[in-house]
Amino acid sequence: GVDLQQIIYDGGAIGSQRSIARQEGKVQEAQTEANLYQVRKRVNEMYFSLLLLNEQIRLNDDVKALLLSSEKKLAAMVKGGTAATSDFDNVKAERLSVAQQNESLKSQRQMLQRMLSVFCGIEVSKLRKPAAVGATASANNRPELRLFDSQLKLSEVQERALDARLRPTLGLFAQGYYGYPGLNMFEDMISRKWRLNGIVGVRLSWNVGALYTRKNDKARLRVQRELIENARDVFLFNNNMEQIQQTD
């Protein structure tokens, strides 16, 4: 036996599924861009944190050198009786505090260097201060916004697919077989012979099951859009706060 079927009109179901697949690909692409941006942002934060730590360590070394010089002068003055021992002890305690702070800063620098090495895949030992720092990306150019837009577009495509599920489908079919009994029942009652049998036609089908879930499906997509829009508003607010902190 042979059974052939060909869809002529599917109500746009195949086209809507194809559109959903394409839009899902765009969402994944935007998600990858957003993730890469966060990685680059994290690398930049660690890079400039290391530069800041290097500068703080250098300044602390200068302060420690000044305090050590003052400590030596006060030690000589204490021996000569022209300075109080308490002044010498205060300067020494301050120098030791600066030295302890310096060791803490060096420990933080070592930890950041290891983290930056893992992120970049290379051994980071020395850093060069950039000649100029470029302007930070504005909110309109952030990949996160493109991700939100792609997600909203996907929701719209999915909603159009719900409409396509409500439409009937029209198709051609052809069936044929060789056997007994055949399609001609009257002929088979007269003579028992194996014969070729076939039928062709047009089939119209309509699955009304989508009507029962349509309301819930549309409500789910509406909530999904609201969550995406809320996440975009929160992102814009946080980004504005970040820009204000960077410019102040």
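Both backbone and side-chain heavy atoms feed into the values below; hydrogens, waters and symmetry mates do not.
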For this session: Evaluate the criterion side chain to side chain contact (heavy atoms under 4.5 Å, CB included) for residue pair Phe119 and Val39; output intermediate values, then yes/no.
Result: CA-CA 8 Å; Phe119 266 83; Val39 171; 4.2 Å; yes
For this session: Any chance you could lay out the side chain to side chain contact (heavy atoms under 4.5 Å, CB included) test for Gln243 and Asn239, step after step, and finish with the verdict?
Result: CA-CA 6 Å; Gln243 294 293 330; Asn239 187 77; 3.9 Å; yes
For this session: With side chain to side chain contact (heavy atoms under 4.5 Å, CB included) as the test, would you mind laying out the steps for Asn102 and Gln56 before giving the verdict?
Result: CA-CA 8 Å; Asn102 232 21; Gln56 288 178 335; over 6 Å; no
Problem set entry | Derivation of the salt bridge (charged side-chain N to carboxylate O under 4.0 Å, His left out) call for Glu242 and Lys41 | CA-CA 13 Å; Glu242 183 179 344; Lys41 181 180 178 182; 3.3 Å; yes
For this session: Before giving the answer on side chain to side chain contact (heavy atoms under 4.5 Å, CB included), spell out for Leu145 and Phe235 the whole-Å C-alpha distance, their side-chain angles and the decisive distance to 0.1 Å.
Result: CA-CA 9 Å; Leu145 289 182; Phe235 167 77; 3.9 Å; yes
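Hydrophobic clustering, with ILVMFWY side chains joined whenever heavy atoms are under 4.5 angstrom apart, groups Ile8 together with Val202. In the hydrophobic clustering of this structure, Val43 groups with Leu50; members are Ile, Leu, Val, Met, Phe, Trp, Tyr whose side-chain heavy atoms approach within less than 4.5 Å, directly or through other members. Leu52 and Met46 are not part of a single hydrophobic cluster, where members link through side-chain heavy atoms under 4.5 Å apart. There is a path of hydrophobic side-chain contacts, each under 4.5 Å, that joins Ile244 to Phe237.
For residues 81-101, every residue pair satisfying the salt bridge (Lys or Arg N to Asp or Glu O under 4.0 Å) rule, not counting sequence neighbours, is listed here: Glu71-Arg95. Residue pairs meeting the salt bridge (Lys or Arg N to Asp or Glu O under 4.0 Å) criterion with at least one partner in residues 23-39, sequence neighbours excluded, are Glu33-Arg146.
Remark: Met241 CE to Asn238 CG distance equals 8.5 Å, nearest 0.5 Å. Note that the CD atom of Gln17 and the CZ atom of Arg165 stand 8.5 Å from one another [nearest 0.5 Å]. Taking CZ of Arg109 as the reference point, atom CG of Leu51 lies at 11.0 Å (rounded to 0.5 Å). Note that CD of Gln5 is 10.5 Å distant from CG of Leu172, once rounded to the nearest 0.5 Å. To the nearest 0.5 angstrom, Leu204 atom CG is 9.5 Å from Trp206 atom CH2. Note that the CD atom of Gln101 and the NZ atom of Lys106 stand 12.0 Å from one another [nearest 0.5 Å].
Proximity of a side-chain donor or acceptor of Glu159 to a complementary backbone N or O of Leu221 within less than 3.5 Å is not detected. Without hydrogens or angle criteria, Ser117 side chain to Gln113 main chain gives a donor-acceptor distance under 3.5 Å. When atom types are taken as modelled, the side chain of Ser70 and the backbone of Leu66 share a donor-acceptor pair closer than 3.5 angstrom. Although no hydrogens or angles enter the test, the distance criterion places a donor-acceptor pair under 3.5 Å between the side chain of Ser16 and the main chain of Ala13. No donor-acceptor pair under 3.5 Å is formed between the side chain of Asp3 and the backbone N or O of Gly1.
Looking only at side-chain heavy atoms (C-beta outward), Leu227 and Asn230 stay at 4.5 Å or farther from each other. Looking at Gln38 and Arg42, their side chains never come closer than 4.5 Å, going by heavy atoms from C-beta outward. Residues Ser19 and Arg22 form a side-chain contact, since some pair of their non-hydrogen atoms from C-beta on lies under 4.5 Å apart. In this structure, Met115 and Val118 have side chains that are not in contact, with every pair of non-hydrogen atoms separated by 4.5 Å or more.
Annotation for Tyr180 and Lys193: closest pair CD1-O, 3.5 Å, computed over non-hydrogen atoms. The two residues Tyr37 and Pro143 have their closest heavy-atom pair at CB-CG, 3.5 Å. Among all heavy-atom pairs drawn from Tyr47 and Leu116, the shortest one is CA-CD2, 4.4 Å.
Ion pairing between Arg58 and Asp62 holds under the 4.0 Å rule for side-chain N and carboxylate O.
Other residues, nucleotides and ligands contribute more than 12 heavy atoms inside 6.0 Å of the CG atom of Leu96. Within 6.0 Å of the NZ atom in Lys72, the count of heavy atoms belonging to other residues, nucleotides or ligands does not exceed 12.
Qualifying side chain to side chain donor-acceptor pair (under 3.5 Å) partners for Ser155, counting only residues two or more places apart in sequence or in other chains: Arg225. Remark: Asp163 pairs with Arg167, Arg214 by the side chain to side chain contact (heavy atoms under 4.5 Å, CB included) rule, at least two apart or across chains.
Through chains of ILVMFWY side-chain contacts below 4.5 Å, Val78 is grouped with Val63, Leu67, Leu74, Met77, Phe88, Val91, Val98. Its side chain within the 4.5 Å cluster rule, Val157 clusters with Ile20, Val27, Leu147, Leu154 among the Ile, Leu, Val, Met, Phe, Trp and Tyr residues.
Using modelled atom types and a 3.5 Å distance limit, the side chains of Gln23 and Glu156 yield no donor-acceptor pair.
Remark: Arg203 qualifies as a cation-pi partner of Phe173 under the 6.0 Å distance and 45° angle criteria applied to the six-membered ring.
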